[in-house]
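Notes follow the structure.
Whatever order the structure lists them in is the order used to number ligands and atoms, beginning at 1.
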Amino acid sequence: MENKILVHICCGVDAVYPLRKLKEDFPNSKIVGYFYDPNIHPEEEYELRWLETKRVCDDLNIECIKGDYDLDIWLEKTKGLENEPERGERCSVCHDLRLEKTAKLAKELGFNKITTVLMMSPKKDFQVLKSIGEKTAKEYGLEFLAIDFRKGGGIEKMNKLSKEMEIYHQNYCGCLFALFQQRKGEYIPELTKFGKGRPAGSREELLFIKHIRLFSENLGLNCSEEEFQFIGWKVLNSSLKINKENVPHNVLYGSGSLKGVLRARVKDIIEKDNLTVFRLNKGNIEIWGLNTELKDIPLDNPRFLTNPIFIVGKEVKDNLYKNPKMEIQLKTEFDPNIKSRNLIIGNRQAEKYITFHSDTTLDGLNGVDLEIIKDVIKSNVEDIKSGSTAIIIFGAKNIGKIGEKVFYMENKYCLSSTEKTG
Ligand code: SF4
């Protein structure tokens, strides 16, 4: 019988070396990947790990099947085990579920062997995985390949390959319970979403970049990423009351906090082209009144001044001319460890750059549609391959064009032509 191996895959990093090893060790076998990770939280993280898994499989010409995101089933199975430590009973149940589903699918598709790249992870117990894998495979009349991928310098090979391929490397196993334990009492950014769309430095922005990379690589284009760090910012709570009525508002990126509740009135009014600035008589606060409905304002440069700036739409702005009583509260937080990245498709030293950006403002606006970028990539494939054109997706544009500034600082050579499309 021809060997057919179904390989359970949890993420790109853990798959990058085991898939190569399996191809070497079983050269005459059909190898197919099965990404099944209902344990991953949140769903955006699950999608990110899937994209990177697909990229690793595509690179090796290995077909990969994407399993369903059965979070409800996973939560049901692990009920009562929420407080178990990592490598404890909850992990056994989690492995059981994933290997059981792999064995079931293998049987349905006529495979005779199964295995899992979980055996690559230094944090997993090889013996536990081996015994669960063998028991499950036996129930379905299959063979389980118990391979300790870590042996023989496996970890070093995995690290080298994942670095070369710039694979996203998560910093937690996957489930929300392990995250709670890992960050005991700390704020967990991985489980929090601030703003709609793809704010700079968010997982959504990273997902967008990885989508474009996967698409480009499948067209045979070389890609590289350039990661950079910046001071992130978010609003923890804000309130703007005019004559005791809460009014809809945004807060400009980089605004600092206020202490307690501030009661203020308008001191000065400065009319500008597209907005009116109302300076208040306390707290160095400004309210920027738009001539349109309420939306976020993208920044051309990062903000270093941290005086609070509120943004209001036209309706609220008109009220401010009447010098009403205002009550204001604002609590914000800065985070120096936020990262974003630029994606370079093609040759960095190309004669012509076509540029886009990956992020949106916090309200989900000022972004570029994925399909538009794909169309431009497709219509420039030959020029990108010849090295005359490169497409660059800049990260963190809306908070001061940070990615663009980093790129031009790092790539100081002369540019003959840059076409900005978004
Ligand atoms: S820590 Fe990892 S293996 Fe254990 S239950 Fe959570 S996701 Fe599953």
Legend entry - Carboxylate-amine/guanidinium proximity below 4.0 Å for E164 and K160: yes

Inset, instruction - Examine F35 together with Y46 and report whether their ring centres are nearer than 6.0 Å. - result: yes

Legend entry - Ion pair R203/E44, N-O distance below 4.0 Å: no

Inset, instruction - Would you mind listing every salt bridge (Lys or Arg N to Asp or Glu O under 4.0 Å) that reaches into residues 25-41, with sequence neighbours excluded? - result: K21-D25, D37-R98

Inset, instruction - Please list, by chain and number, the protein residues whose heavy atoms come under 4.0 Å of ligand 1. - result: N39, W74, E86, R90, C91, C94, H95, R98, C173, C175, A178

Legend entry - Aromatic centroids of F356 and F208 separated by under 6.0 Å: no

Inset, instruction - Could you verify whether a donor N or O on one side chain and an acceptor N or O on the other, from K295 and N366, lie under 3.5 Å apart? - result: no

